[in-house]
Each structure stands twice: as C-alpha cells, then as structure tokens.
Amino acid sequence: MRNIWTLYHKEMLESLRSYKLIWVPVVFIILGIMQPLTTYYMPEILKASGNVPPGMLEGYEMPGSAVVMAQALGQYGTIGMLILVLGVMNSLAGERSSGTIEMLMAKPVAPAAIVSAKWAAQLTVLLMALGLGAAGAAYYTEQLMGPLSWSNLAAAAGLYGLWLLCAVSLTLLFSAWLRGPAAAFLGLLAAAAMSLAHSLLPSLLDWTPAALTAISAEMMTKGKGLAWGPIFSAGILIVVCVASASLFIRRNQLPE
Amino acid sequence: MDEIKWGLIGPLLALQVLLAVIGLISLSKAERTRGPKWLWVIILIFGNLLGSVAYFTVGRKDN
C-alpha cells in the first residue's frame, strides 16, 4: 500500500510537471462552456455565416437546459475521450521503452502496485477535468438556458465519467503490451466498437458499459433512474484491465 | 441578444489564452519536439483550442 502511495505521488508530480494537471481540465472547461454558448448564439452565428435561407431562423427554438447539458457531456465522449486516451497511451509503454520498469522491478515492487498507481493518477486527472468541466458547463447552461436539476447533473456526470474511465483503463491495458500510439488506437477502437455494438443492438447489450452514455443523457433529459447492469459491468471491465495490465508488465518487461 | 455579453465570452477567451500561455511555457522548456519549434509557436498562438491540444498530445516527445 505504501508503494502504491509513493508511486502515485510520483505520477502526480510528473503530471504537474508536464502541465497535464492544468491543461486537461482547462480543455474540458472550454469544451463544456462552448456547448451552451454556441447553442445560445446559434441564430447569430447562422446569420453571420450569410447564406441562411429566409424563414429558417424563425423556426429556431432554443433547446432546454437539460438537453444542452446532455450535449455538453456528450462533448466529453468524443473530444474528451480522445484527449484522455492520448494522455494515457504512453503511461506504461513509455516506461517500458525508457527502462524505468526494469529498474522498478529490480526492487521489490509488485507490478500491480505500478499499474494501480498509474491508474489512480489517471483517475485523478479525469475527475478534476470532468468535475470542473461539468461545473463550468452547468453554470453557463443555468445562466443562458435556465435552471438544472443538480442531483440529476451529478449522477449524469458520474455515469459519463465511468464510461471515460473504461476507455482510459482499456488504453492502460494496451499500453502495458504495445507501443503508445498503437495502445491509443486500440483503446479508442475498443470503445468505439462497444458503443457501435450497443447502438446496433440496444436491447441485447444494455448491460454493457457502452450503455452508460445513453443512460447519462436520459437521466439528464428525462430524469430516469440508475441502471445497475452497466455500472457493474464497467466496474468489472476496469478491474480486469488493471489486473491484466499487471500481468503483462510482469511477463513482458522488454519493449517489443 | 443585441450586444455581446462579455461576462460570458470573457472567461472563454481567458481560458484560451491561459492554454496557449501554458503551451508556450512548456514549449520553451521542451528539449525536443515533433517538428520545428517555430511552427508550434504559430500553432499555439493561432490554433486556439485544437492547436493547444495538438501540441500537448502529439507535439512533445516524452523523454
């Protein structure tokens, strides 16, 4: 346990030095507040773009605050996920190619401790970014569109965070095995395949982690309750990823 | 919506500037980058959100 804490501390110091602890949250805040802003100014933006057919702007109706907030969270599912996955891709692959893993393994440090510390550091960045981003988006949405249900918002953001954590954990697993860019590619591919499979067969696959984004949006817009299946399967997926990453690190210490 | 509400747009601009400044500080300290440094300066200053994200994700070479 003490090893994990020391390694976690080192990881957080590293992400502070590389400015990751600052720029990822800032990007998430910008993404979050851009959604309500562009929605609010959409008529102006369309007018400024010049070639709007007459009569189109009369039909424009401002979407409700809950819908805008769900869209803002949706931003984190695309660009946000890309940023998080690119940030985690080198976390184990980089250590393998630079030889730090061998140095660590020469000491009595369990591979599981290395991987858990990395994972916890990624979770911290994710929580900071998503928390600040969702708070910023919620503030702007309240100012521009109207009041939001804060309990629904917290639950919806939490569900979204769990889905993002699944993608991060998958990338961490691939990073224990492949080079960085390949790990990011496979991590994104796995997440995309899961959500594609879920959108094709929603009734059959509504227990998978990919259902989390849909549940999050429904909770925001319709106030629907929690579904435990996707939460449990997401938890299992994350644990499996961390455990298998530890196994890979133990076996395959040299790059390539 | 007659005038621009700077109270709402202002923070967005401030965050964009902050992001570019952090990027430039990081760039000035970086020993190696992918591609020439002067190009990244231009991308960071004029590239807005995506320029900074590009620099932080693929522009730096991890040592």
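Nothing here was measured: the structure is a model prediction, and the numbers come from that model.
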Exercise: identify the closest heavy-atom pair between B/Phe56 and A/Ser18: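 That would be CE2-O, 4.5 Å.
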Interchain contact, B/Leu12 with chain A, by part (heavy-atom threshold 4.5 Å):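 B/Leu12 touches chain A through backbone and side-chain heavy atoms alike.
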Approximate separation, where rounding is to 0.5 Å, of A/Met34 CE and B/Gln16 CD: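 Going from the CE atom of A/Met34 to the CD atom of B/Gln16 covers 6.0 Å.
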Atom pair OH/CG of A/Tyr139 and B/Leu8 - distance to nearest 0.5 Å: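 Reported value, rounded in 0.5 Å steps: 7.5 Å.
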Contacting moiety of A/Ile79, where chain B heavy atoms sit under 4.5 Å: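 For A/Ile79, no heavy atom lies under 4.5 Å from chain B.
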Contact origin within A/Ile30 toward chain B - heavy atom pairs under 4.5 Å: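 Contact with chain B: backbone and side chain both.
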Qualifying residue for side chain to side chain contact (heavy atoms under 4.5 Å, CB included) with A/Val27, from B/Thr57, B/Leu50, B/Val53: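 Passing option: B/Val53.
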A/Tyr140 side chain near B/Pro11 side chain, heavy-atom distance below 4.5 Å: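 Yes, close enough: below the 4.5 Å cut-off.
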Residue A/Tyr8 excluded, over 12 heavy atoms near OH under 6.0 Å: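 Yes, enclosed.
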